[in-house]
Amino acid sequence: MTKQLLLIDGNSIVFRAFFAMHNQMDKFTNKDGLHTAAIYGFKLMLDHVLQNFKPDAALVAFDAGKVTFRTKMYDDYKGGRNKTPDELTEQIPYVRELIKDSGLHSYALANYEADDIIGTLAKKADDAGYKTLIVTGDRDLTQLASEHTTVAVTHKGVTDTEHYTPVHIEEKLGITPRQIIDMKALMGDSSDNYPGVTKIGEKTALKLVKQFGSVEELYDRIDELKKSKMKEHLLADEAIARQCKTLATILQDAPIKIGLADLTYTGPQKDELVKFYQQMDFKSFLKKMGADDVIGEEDNAQIAPIEYTVLTKDNITELNQLTDEVSFYLEMPEANYHTSPFAGFVVGKDGHWFTSRNMDLLKELPLKNLLTSSKIKKNVFNAKAQIVGLHRLGIDLENINFDLLLASYLLNTNDNSNDLGQVAHEHDYYDVQTDEEVYGKGVKRAVPDDDDVFFSHLANKARAIENLRKDLFKKLDENEQTPLYTNIELPLTRVLAKMEIAGIRVDAQTLKDMGSKLTERLAEIENQIYQEAGEEFNINSTKQLGHILFEKLKLPVIKKTKTGYSTAVDVLEKLADKSPIVEQILEYRQIAKLQSTYITGLLKVIHSSDQKIHTRYLQTLTQTGRLSSVDPNLQNIPVRLPEGRLIRKAFVPSHEGWQIFSSDYSQVELRVLAHITGDKNLQEDFKNGEDIHASTARRIFHLDPDAEIDRNMRRRAKAVNFGIVYGISDYGLAQRIHVSRAEAHEFIQNYFHEFPGVKKYINDTIEFARKNGYVETITHRRRYLPDIHAKSFSKRSFAERTAMNTPIQGSAADIIKIAMIHMQDELEKRHLKTKMLLQIHDELVFEAPKEEIPVLSTLVPKVMDSAVKLDVPLKVESKYGDTWYDLKK
DNA sequence: GGTCTCACG
DNA sequence: ACGTACGTGAGACCT
């Protein structure tokens, strides 16, 4: 039997793992605040490799430090690299512990890189007849590929690898592995920071290597090259090329003090690993280990077995045993529950699970009565989806007790997955898989035909809901969030369901007429733009547009993005006087946006059955407690610009003789700020019914109490007020109101001097977040801020700004949610025909019969301004009209 | 799938 | 010296 050796490039894999998980770094912090993404990624890679390759010997090689024989030869070797982030450095010792506990050896050697250790051992292994697998994130190591040595280079993430063998390299590049060194010597390496020959890149290097075979041979036969710039460069840079070849060559005879005999792979040390995973908070690995011992390594074998009864017309009376409390789950495979097909359902309690694909059974009395009963408690996942889904089937789901999704969101807004399995896993419950695991993803996603697979999954879901209920209720209680759940979020779910089901009538013809006009106008501007540009191009492509503006027309570059020139509004506005094309582009953008997002976009989502749009409000998504609206988003219908505002003409009442009625809170966030901070001056201004931006201007610009406030001053003060709520910086304010940074700084200083309570609040809140790791709103809604301790200035600053903003924005969200619940109660209690249709953060939109308008005019403001009792009054303004566009006081 | 831009509060 | 205001969703392009 051939012996097998596994060699892992520790540094490069750790790097890869760290950056692969970088975007979800928050998730990878253990309870001590240690970042664990790289450790986790390393472990994933290790598992993946060991699944396919069973080594007899294994080693993870690390760099010993910055100084190596290469830096001694070439000062700038690996120069210019960014400093390794602290969040990564802190993980290295733990990665080494993981390696040890996993039964692998690790090794570093002063003066040499990990590459050289790997090269040397690969050579020894080759000589001793081993089969070797090298795992790395660095293409350079592919030069080590040989008949017995394969180099696996991570492709994307850490488990997706490309295997380099001599054959693969021949196919890909047409050269041998050793010739990769010559290629690199000629082209240089920007990440290792050595130059290669001037003007020679990958293409030319490859050509030369194929022609001559090696750098040495190339210089021996350089006369064969015709006179050219390239030849001049080659001759001029000969010394560099030869030196780069040495730099690029991985040693195969480094003076390492270990041999193959020292590398025996012993397999994982389970007890140690369990302790380690516990320390790291790696719950899923822990679970896997526990299950591995008893059941084996099958993925789904982890899940505790479950029994279920397939429900039929004949046995449906068995449901009559369920009299106090059940878990229920209606499976709708598509995200949009207004239109999704129904795949099946499960109902039951305490090990008795009844499931079926037959939706007709829901209409059978034993089940229908159970669902509509106000006596029997229902425990569900995503109550709103269940209410809407069952409503489509003619069933009113009553007495919802526990919503796993909602409770989980309140406990931690970061756990905002809409997948039951994932949410369960967040709470350390693993006896249910995710939908992706069972149904697949992308085009392959489908509810399985196999009844047992599907029904087991449904039963697992119902069981998960039941098993997590107590635990989550307890956690809500510990966080003082039970009233938030019971009195606000859960009742709100029902209100939102009603609004979504009601939908808002949208007149397609109005949109189409506007669309034709826009199309015409768009064609005109398009032509003007092509004229100015002197050629046709895709105006929607920022890349092509950037080329035209900044290269062809040579307009000054104001701002760059990661990938090219910025062409955003603020940039174009600064260029407006340079060329007429700029204004044409601005107009084109404005109209194109209306056309694509609001004309075609909305037309696509009008239901043909009722001419209405039924949005979905996401109640468990935002970090602050606001709602969001999708499919379509009805919270960003144009209003600011007159052209866009016309879109609102298409939003009409659904009955003849009805009108649209709307009420909004004025300056609710600033009022919340006044309340939360307890600032006496700010509170006084609101209590006196002042125009708050004007009175702010008066204070921060030190004006007389009866002085005229000109528009510009009020505008600036308004910007300062907004800035305060968002966590201001002088730079940001200066940008926004076009003043110098020094002036902006002075405005802010004046503000804090005039409103000392606000200043104190900001400091206290950041302090609270540092101490507790979270901030909260007036209803104890929480947002965790792990980055409050980040070493990176910008991350930490961001966390600090959100720390102060979230209680403001979130409390405002709390207030309108309470108002919505009260409002819906009032509408029902008074038997009004009026329907609440939309919520836009500080605004509620209704449709109402004309005769109810006078009632609403007093009722809605009364309900809204009395939703909570703050230290300052809340102010509500109402408007109504024949369409959403025509609203008037 | 990521990036850019732009619509709203 | 850092890098620059909070919260969202959607369409278009490009890799």
Inset, instruction - Have a look at A:Ser629 and say if it touches a base, only the backbone sugar-phosphate, or nothing, with a 4.0 Å heavy-atom cut-off. - result: sugar-phosphate
Inset, instruction - With a 3.5 angstrom cut-off on both distances, give the Watson-Crick or G-U wobble partner of C:dG9, or none if there isn't one. - result: B:dC6
Inset, instruction - Taking only Lys NZ, Arg NE, NH1 and NH2, and the carboxylate oxygens of Asp or Glu, determine whether A:Asp570 and A:Lys559 approach each other closer than 4.0 Å. - result: yes
Inset, instruction - Describe the nucleic acid contact of A:Phe722 in one word from base, sugar-phosphate, nothing, applying a heavy-atom distance below 4.0 Å. - result: base
Inset, instruction - Have a look at A:Ile637 and say if it touches a base, only the backbone sugar-phosphate, or nothing, with a 4.0 Å heavy-atom cut-off. - result: sugar-phosphate
Legend entry - Nearest-angstrom distance from the residue atom NZ of A:Lys593 to P of B:dC6: 8 Å
Inset, instruction - Look at all strands and tell whether A:Ser729 reaches a base, only sugar-phosphate, or nothing, counting heavy atoms closer than 4.0 Å. - result: base
Inset, instruction - Carefully, step by step, assess A:Glu843 and A:Lys879 under the rule salt bridge (Lys or Arg N to Asp or Glu O under 4.0 Å). - result: CA-CA 11 Å; A:Glu843 174 186 5; A:Lys879 292 174 186 171; over 6 Å; no
Legend entry - Minimal non-hydrogen separation, A:Ala719 against A:Ile737, with atom names: CB-CG2, 3.2 Å
Legend entry - Selection from C:dA10, B:dT5, B:dC8 that lies nearest to any side-chain heavy atom of A:Ala568: B:dT5
Inset, instruction - Under 4.0 Å between any heavy atoms, over every strand shown, what does A:Asp730 touch: base, sugar-phosphate, or nothing? Just pick one. - result: nothing
Inset, instruction - Please work out if A:Asn538 contacts a base, only the sugar-phosphate, or nothing of the nucleic acid, heavy-atom cut-off 4.0 Å. - result: sugar-phosphate
Inset, instruction - Could you tell me whether the phosphate oxygens of C:dT15, OP1 or OP2, come under 4.0 Å of any side-chain nitrogen or oxygen in A:Lys543? - result: yes
Inset, instruction - Scan A:Ser797 against the nucleic acid and name what it touches under 4.0 Å (heavy atoms): base, sugar-phosphate only, or nothing. - result: nothing
Inset, instruction - For residues A:Ile647 and A:Leu602, determine if any side-chain heavy atom of one lies less than 4.5 Å from a side-chain heavy atom of the other. - result: yes
Legend entry - side-chain N/O A:Gln544 vs C:dC14 OP1/OP2, d < 4.0 Å: yes
Legend entry - Minimum-distance nucleotide to A:Thr802 side chain [options: C:dG7, C:dG3, C:dA10]: C:dG7
Inset, instruction - Using a heavy-atom cut-off of under 4.0 Å over every strand shown, decide if A:Asn805 touches base, sugar-phosphate, or nothing. - result: sugar-phosphate
Inset, instruction - Would you mind classifying the nucleic acid contact of A:Ala734 as base, sugar-phosphate or nothing, using non-hydrogen atoms under 4.0 angstrom? - result: nothing
Inset, instruction - Please determine if a side-chain N or O atom of A:Thr622 lies less than 4.0 Å away from the OP1 or OP2 oxygen of C:dG7. - result: no
Inset, instruction - Please report, rounded to the nearest Å, how far the C1' atom of C:dC2 is from the NZ atom of A:Lys791. - result: 17 Å
Legend entry - Gap between atoms OH and P, on A:Tyr598 and C:dA12 respectively (whole Å): 13 Å
Legend entry - Main-chain N/O of A:Leu634 paired with A:Ser629 side-chain donor or acceptor, under 3.5 Å: yes
Inset, instruction - Using a heavy-atom cut-off of under 4.0 Å over every strand shown, decide if A:Ser792 touches base, sugar-phosphate, or nothing. - result: nothing
Legend entry - Length of the NZ-C1' vector between A:Lys562 and B:dG2, whole Å: 9 Å
Inset, instruction - Provide, to the nearest angstrom, the distance between the CZ atom belonging to A:Arg741 and the P atom belonging to C:dG3. - result: 13 Å
Inset, instruction - Could you state the atom-to-atom distance from CG of A:Asn540 to P of C:dC14 in whole Å? - result: 9 Å
Inset, instruction - Give A:Arg645 one of three labels, base, sugar-phosphate or nothing, depending on what nucleic acid heavy atoms sit under 4.0 Å from its own. - result: nothing
Legend entry - N or O in side chain of A:Thr597 less than 4.0 angstrom from C:dA10 OP1/OP2: no
Legend entry - Phosphate contact (B:dC4 OP1 or OP2) by A:Thr563 side-chain N/O below 4.0 Å: yes
Inset, instruction - Select base, sugar-phosphate, or nothing to describe what A:Leu627 touches, counting heavy atoms under 4.0 Å on all strands. - result: nothing
Inset, instruction - Look at A:Ser541 and C:dC14 and indicate whether a side-chain polar atom (N or O) is within less than 4.0 Å of OP1 or OP2. - result: yes
Inset, instruction - Look at the side chain of A:Ser566 and decide which nucleotide, out of B:dT5, C:dG7, C:dG3, has an atom nearest to it. - result: B:dT5
Inset, instruction - Step through the shown structure and confirm whether more than 12 heavy atoms of other residues, nucleotides or ligands are within 6.0 Å of OH on A:Tyr880. - result: no
Legend entry - N/O (side chain, A:Arg589) to phosphate O (OP1/OP2, C:dA12) under 4.0 Å: no
Inset, instruction - Let me know the distance between CD of A:Gln635 and C1' of B:dA7, rounded to the nearest Å. - result: 12 Å
Legend entry - Distance, P atom - from B:dT3 to C:dT4, rounded to whole angstrom: 15 Å
Inset, instruction - Looking only at side-chain atoms of A:Phe798, point me to the closest of C:dA10, B:dG9, C:dC6. - result: C:dC6
Inset, instruction - Would you indicate what A:Gly732 reaches in the nucleic acid, counting non-hydrogen atoms under 4.0 angstrom: base, sugar-phosphate, or nothing? - result: nothing
Inset, instruction - For A:Glu669, report the nucleic acid contact type (base, sugar-phosphate, nothing); a contact means any heavy atom under 4.0 Å. - result: nothing
Inset, instruction - Identify the two heavy atoms, one from A:Tyr588 and one from A:Ile529, that lie closest to each other, and give their separation to 0.1 Å. - result: CB-CD1, 3.9 Å
Inset, instruction - Send over the distance from A:Ile585 CD1 to C:dA12 P, rounded to a whole Å. - result: 18 Å
Inset, instruction - Starting from the C-alpha separation in whole Å, work towards a yes-or-no answer on side chain to side chain contact (heavy atoms under 4.5 Å, CB included) for A:Arg645 and A:Tyr885. - result: CA-CA 7 Å; A:Arg645 195 173 191 145; A:Tyr885 178 83; 3.7 Å; yes
Inset, instruction - Among B:dC8, B:dC4, C:dC6, find the nucleotide with the atom closest to the side chain of A:Arg801. - result: C:dC6
Inset, instruction - Return no unless some side-chain N or O of A:Arg626 is found under 4.0 Å from OP1 or OP2 of C:dG7. - result: no
Legend entry - Among B:dC4, B:dC8, C:dG9, the one nearest A:Arg640 by side-chain distance: B:dC8
Inset, instruction - Would you tell me if any nitrogen or oxygen in the side chain of A:Thr542 comes within less than 4.0 Å of OP1 or OP2 on C:dA12? - result: no
